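In each ligand, atom 1 is the first atom listed, and ligand 1 is the first ligand listed. None of these values were measured; they are calculated from a predicted model.
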Amino acid sequence: MSHQVAALFKTISSGVYVVGAAHGQQRNAFTASWVMQASFNPLMLSLSINPGNTSYRLIKAARAFAVSVLAREQMDLARHFGTQSGREHDKLAGQAWRAGITGAPILSEALSYFDCRLCFTRRAGDHVLVVGRVIDGAIFRSEAAPMTYASTGDLDGSGALYPSKF
Ligand SMILES: Cc1cc2nc3c(=O)[nH]c(=O)nc-3n(C[C@H](O)[C@H](O)[C@H](O)COP(=O)(O)O)c2cc1C
């Protein structure tokens, strides 16, 4: 049943993103799939973050974050930023990135990006909803197709986290 619940939630279409934040000399980024548009006016995005992630503390401190959209063939980036914590080492070292207006790191090889100022956070079960206002963004590679979360299989190990019943 746990397997069925996990498969059920995989039918929700979502992309794969690298969310970056920087505060003072600290910077970090992590892979996220729970990202969506939250408003037209003003333009807003929401994320859902495990508060244990190193990036969560940085986003709260910086009151800003950037979302880099991964293209279909960038599974190595999804793995790099999504299967290890930035607590031990600098995941951005050796990667091509630039700072956005907010100072948050943006992957230079991403399909596109959104630079956001934090508006508010709200606890949602074992995650925290983070809602930000989009103040900048651009498409870097208009010919590229976005990566889908379903195509990542169980890269995030979430299969084991679903309850066995509703
Ligand atoms: C494909 C994929 C999607 C993920 N989506 C999310 C997400 O939406 N929210 C989240 O908090 N963690 C998500 N993760 C897990 C984090 O990327 C992972 O825990 C990461 O190591 C956190 O890094 P940090 O501690 O350096 O911030 C995802 C991982 C993968 C591989």
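- No side-chain donor-acceptor contact under 3.5 Å links K10 to the backbone of Y149.
- D136 contributes no side-chain N or O that, together with a main-chain N or O of D115, makes up a donor-acceptor pair within less than 3.5 Å.
- Within 4.0 Å of ligand 1, protein heavy atoms come from N28, F30, T31, A32, S33, W34, S48, I49, N50, N53, T54, S55, F81, G82, Q84, S85, G86, K91, H127, Y149, T152, L155, D156.
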For Q37 and L43: C-alpha separation, side-chain torsions, deciding distance, then whether side chain to side chain contact (heavy atoms under 4.5 Å, CB included) applies. CA-CA 8 Å; Q37 183 171 348; L43 289 165; 4.3 Å; yes
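- Residues I59 and A21 share a closest heavy-atom pair of CG1-CB, 3.6 Å.
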Test side chain to side chain contact (heavy atoms under 4.5 Å, CB included) applied to R57 and H23, step by step: CA-CA 10 Å; R57 188 177 41 76; H23 183 63; over 6 Å; no
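- Panel note: side chain K91, backbone A29; a donor-acceptor pair is recorded below 3.5 Å.
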